[in-house]
Amino acid sequence: MPRKAKKTAEKDSNTLSAEEQDSQWDTFYTRLFDFYVENQHTNVQPSDDAKLAGWCKEQRASNNSLTDMQRKRLDFMKFFAASAAAPQRPNRPVLPPPGVADPTLAA
């Protein structure tokens, strides 16, 4: 029996109150908003910010359990639209800067 009591105590110490959860959500939302302003998308990769990328994955997976306000705040950044994919680079050659001869056109 002592083992169960210890497990329960550990679980209780790891759970957050509703206020702490809201505060944590707001902190990650602010980080995501800053990322969005800088990058113009919400497709955070682990190489960008591992914790924020994990949080984004959780939010997308738990869309049904978000509050209306949380969903509206995320929708503002088009978080759920088209899986919030980052803009793709065009699949075309890079042109030389103006005034520089293109070496591939040399005769």
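Residue numbers run from 1 in the order of the sequence given. Every heavy atom of this structure was used, including side-chain atoms; hydrogens, water molecules and symmetry mates were not.
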Determine yes or no for a side-chain-to-main-chain donor-acceptor pair under 3.5 angstrom, with [X] supplying the side chain and [Y] the backbone.
{"X": "Asn39", "Y": "His41", "answer": "no"}
{"X": "Arg60", "Y": "Phe79", "answer": "yes"}
{"X": "Thr67", "Y": "Gln70", "answer": "yes"}
{"X": "Glu20", "Y": "Ser17", "answer": "yes"}

Original post:
Parallel, tilted or perpendicular: which fits the ring planes of Tyr36 and Phe33, with parallel below 30° and perpendicular above 60°?
Top reply: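 Tilted.
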Subject >> Ionic contact status for Asp26 with Arg31, cut-off 4.0 Å >> reply: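 Salt bridge between Arg31 and Asp26, a charged N being under 4.0 Å from a carboxylate O: no.
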Original post:
Does a salt bridge link Asp75 with Lys72, judged by any charged N lying under 4.0 Å from a carboxylate O?
Top reply: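 No, no charged N to carboxylate O under 4.0 Å.
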Original post:
Quick one: are Phe28 and Leu52 in side-chain contact, heavy atoms under 4.5 Å?
Top reply: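 Contact flag for Phe28/Leu52 side chains = yes.
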Original post:
Do the non-hydrogen side-chain atoms of Phe80 and Leu66 ever get within less than 4.5 Å of each other?
Top reply: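 They are in side-chain contact.
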Original post:
Which atom pair, heavy atoms only, marks the closest approach of Val44 to Cys56?
Top reply: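 That would be CG2-SG, 4.0 Å.
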Original post:
So which heavy atom on Pro46 is nearest to which on Ala53, and how close?
Top reply: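 Result for this residue pair: N-CB, 3.7 Å.
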Subject >> Glu19 atom CD, neighbour heavy-atom count above 12 within 6.0 Å >> reply: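 No, because the 6.0 Å sphere around CD of Glu19 holds 12 heavy atoms or fewer from other groups.
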Original post:
Is the closest side-chain donor-acceptor distance between Gln45 and Asn43 under 3.5 Å?
Top reply: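 Judged by distance alone, the side chains do pair up.
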**OP:** Among Arg73, Gln59, Met77, find the one that has a side chain to side chain contact (heavy atoms under 4.5 Å, CB included) with Leu32.
**Re:**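 By the side chain to side chain contact (heavy atoms under 4.5 Å, CB included) criterion, Leu32 pairs with just one of Arg73, Gln59, Met77: Met77.
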**OP:** Determine whether Phe76 and Met69 fall in the same hydrophobic cluster, where Ile, Leu, Val, Met, Phe, Trp and Tyr are linked whenever their side-chain heavy atoms lie under 4.5 Å apart.
**Re:**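 Different hydrophobic clusters.
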**OP:** Would you give the length of the straight line joining atom CZ of Phe35 to atom OG1 of Thr30, rounded to the nearest 0.5 angstrom?
**Re:**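 Spacing of CZ (Phe35) from OG1 (Thr30) equals 15.0 Å.
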